[in-house]
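Heads up, the thing below is written out as structure tokens.
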Amino acid sequence: MIRVNELSKTYGTGEAAVQALKGLSLNIEDGELTAIIGASGSGKSTLLHILGGLDTDVSGSVYYDDTEITALNDAALADFRLKNIGFVFQFFDLIPELTAAENITLPQMMMKKKRSIPDELAERLGIADRLKHYPDELSGGQRQRVAIARALINSPSVLLCDEPTGNLDKASGREVMKILKALNEQGTTVIIVTHDNELASQCNRVIEISDGVIV
Amino acid sequence: MQYGIDHVGIISAFAKTDVGQSQYTLGSYENSDAMITAPLRMVKGHLPEKSGEIAMPEFMMQRLFGDADVGDTVSLKITDLDGNSENVDYVLSGIINNRLTRDDMEYRCYPDLSVEDWPLERPTPSIYVFKDDTAGYKKYYNYFTCMDERVYFDEAKSKELSEFYDVIGSKATAENTWKTSGSRKWAYSFSSDMKNSDVLKPEMTDNMKIINLITLLILVTATISMFSGVMSIMPQRIESLRTLRTIGMTKRKLLSMFLTEFFTFWLMGNALGILLGCGVHELVIAFQKLLGIAAYRGYTAEYAVNESTCSPFIMPLLLSLVIALVSLIIPIKCIITMKFYKTPSAKKLKRNVKDLRGAFSKITSNRLISVITAAAMIVAVFSTAFAYCYYTSSGKGKTYLALGMKNVSEQYYKVDDIDLKENNFDCAVTASIPGATFAGTLSVYDEDNGVTSAQLSSLEEQAETIAWGNYPPDVVCYKADEQFPSMLNDKKGVPYTGEEHYDELDAYNFFGINLVLLNENAMELCGANKDDIVMVSKNYNFPYKTGDEVPLYTSLCDNFGKVRIDTMKLFSAKITKQVSVNDLDENSIITNAFRSDYCIAMTAEKAEALGFYHPNYSSVFMRFGGKMSDKQIRKAVAENVKNTQIFTIGQLKHNAFLNTISSNANVVVLFILLFVLCIISVWNLLQMNIRNNMDKFITMHSIGLSFDKIKKMFVGKMIRITVISLIIGVIVSFAGQGFMKSRFNKYDTLFREYQVMKENYDFPRIITGLNENLEPGDQFYEMTNEMLELDKKYMLKKEMWVPNLIPPLAAVCSVILLSTWLFSLSAAKKIKKERMNEIDKSE
């Protein structure tokens, strides 16, 4: 379970300070497919980054089961993230100098594990024949699927997605959503940040954030 | 003979003998022409005419054999050219009239050479034996001809010279030296036609070459920097240019806009650079002035401007334009070939990734950038080696601060030809006399200069002193007979110096003699005490012996240097001791006091008692025994003497250091500039690497790599590139040193062969200058040509490629490695900062 207690985040200082999150608290159960929606600047991406351990300059706490990630240092957080969390970004964030296969197995390299892509994963994501290609040789949808494969390669318990379909056409977006739902059905906790209400409606739970608080 | 050369005198030399502390040469006349071309006057008897006979100068005969006369048998220990000694009996056949010093007798016959260039291994004999007695000994030959026959040699240069070989004899076995003699006035000179620019050129050419080379290295490094700077902005710029293209801008307009922007910055950079360059020049001059050294020394800008054909601003602009154009090649190509959409980049590293390090390497690898970084470091290392070699070889002095070198140039410790450091002197004082012909000469019309006995006594309370003073010889004279020339009384203004004066005195049997004042310590060095009056001769010819009364005249001069007859005084000095300079320790500093062939030495007190005018010491050397500091010494001496120059050892050391800096200032400044450019280039490249790969580093952090790990991997990669580059740079430096050494060795080998060839070569060519009018195809011509080419191309100074490169290379490699590490760390810190910015922006 993911527990968020009185989470606050402020950007800037003095008169220019902006409070992105204001004492936000929530729980997310294992296996939930949760959508976090809100307008631009509402604090949803901030929340996702904090949940992913990418931002630690916060007040309040975030727990993954018994592990308080907000109390961990960068090295420990990176390790936690590598083993337990998968990230999918709006702009894919693939490394252009590496092939699709190398991008996917990057987390394995970080864990010093033997590199291998399960056939089933590649088949399921429909990228088995594109593994030797470089990102700029792939379509948007293919790139996102490669990104999803990278996020899943270490079998994380949580998948955090920041506008995963934001850069895709409708058809590709539906494909990606289908994959995320299938993953969730297999037990992975999936949290999606989106401003697409139609996408949000496909999730079990929708959390709306406005002005740093849950509506 | 074919070329009108009527006489070729041949004199051989085969052995040496010791006379006192000097060695004199034995030889013989090999042919009858030798008597014509190198005649000798005899006091008595004749030159050897049969085996077993010997003739030698009178003073030598007296020194060695005392009262021996012509016809007596004498035994002489001779040492041949291989160093084997034996005692040989000779019959004295003649006494040669030769009062000259050994150097005069045996070397003055080289009219074309300065003293420093005398071939010391081939003097002319002073002692002669019959030629048959030289058989069986290794010997060398000297050839003489008469001055007026020399003109024919010019014709002979280009013609067949085989008949001369008959005269010379076998070339293979003899060492030959060619010289001219026959007259006191040595008219022939190799350098008579040399212009100022010829004198200046060789040094300036070398210096200019050094500056040009370092400037070239700066150019290369600046190109690297500019190129990498342009390449670093290209990825983003191309995207924004692509957007403009998409909106509707033509490629021509895009290019024009890009180039306008580029050259605006280029002009600004040049203006700044020129300002800085001129500013640095002025700063260096000001810095040197501040240190008290002549501002032009070591800074050849003025010569460079004179020698170059361009103004000092056009050249830098041109060079900078070249750099700019090189840097623009890729951007222009990108703009010209730009498409509306981003095409897959064709160039990717094909290497398979096995682990994270491989992936990181593939991500951050940009071959071009790595090569550029490596090139910058290699240039830095090599230029260090080069500059260090140059610095340690061509500096006028090497100081304690020069890396690895501890010697200080001897010349800076010399005062009045005495090396203070070698003789452990703390201080030297010289009379500062306006218009004196050399330091140490006292003027008898200025009694305020020099060090009086009273002043010296005060100094002697604190330091051990050795002092002397020289009276100009023209003012003190003695005569051979007792009669004072009445005619001199009538003359108002006998010339002080010059031929006329000598002739005048000679006509009345007057001889000039140098009065030398020595303090007690200096007298002891001569083996005399303070009460002695010493007759000093440069050889063993004493016009006056111990016990003789020498009639001495002394007078004052007027301000125009003319002897004032009305002040002339006569007195006599009784010689109490005779000293030959030859008998003094050749390392003793007191030999410097005796500049003339004949001197009378006494203390200033003695001279004063006799009635000499102004008996002051002009050169005083002091040892304070480490009891006082430099400043204290200076103060103590200045309180006791006046109107003199004071030199302390500390001051001379300081001068040596400053002179080293100044003589190398230009190279040092350029080298520092070059090194700084290299470091900036490395820093720039590291920043560029981080900037271009920032997104990827952030992605990797998102996946699960900590900042520390990313930083470590980045720094590790940069250190790897650096180490490889430095190793290559070190290898290139040593290879360069080895190459230059091999060039020098080749030159050296050629030079030695050249020397042998020169000695055995046709002498008409030698006399007129070796490199003149030699013909292609001639073996000598080819050899000297090859040598000249080597020297011109490689600036062959042996010392330049001999220094131990390890200390400077170790130092520069450490600096570069440290810089890379620090810069990498500093650049890597940006990753975290950028990560935070990304997060802020994403909201």
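Throughout, protein chains are lettered first and strands after them, A, B, ... in sequence-line order, and every chain is numbered starting at 1. None of these values were measured; they are calculated from a predicted model. These numbers come from the heavy atoms of this one structure, side chains and all, not from hydrogens, waters or symmetry mates.
If you take CG on B:Leu825 and CE on B:Met718, they are separated by 12.0 Å, rounding to the nearest 0.5 Å. Taking CD1 from B:Ile831 and CD1 from B:Ile710, the interatomic distance works out to 5.5 Å, rounded to the nearest 0.5 Å.
At a 4.5 Å heavy-atom cutoff, the contact between A:Phe89 and chain B is made by side-chain atoms alone.
Ranked by heavy-atom pairs under 4.5 Å with chain B, the first of A:Arg81, A:Lys112, A:Lys83 is A:Arg81. Most heavy-atom pairs under 4.5 Å with chain B: of the set A:Gly52, A:Ala76, A:Ala78, A:Gly53, this distinction falls to A:Ala78.
A:Asn154 places a side-chain N or O within 3.5 Å of a backbone atom of A:Leu82 that can act as its donor or acceptor partner. For A:Arg143 (side chain) and A:Phe92 (main-chain N/O), no donor-acceptor pair under 3.5 Å exists by modelled atom type.
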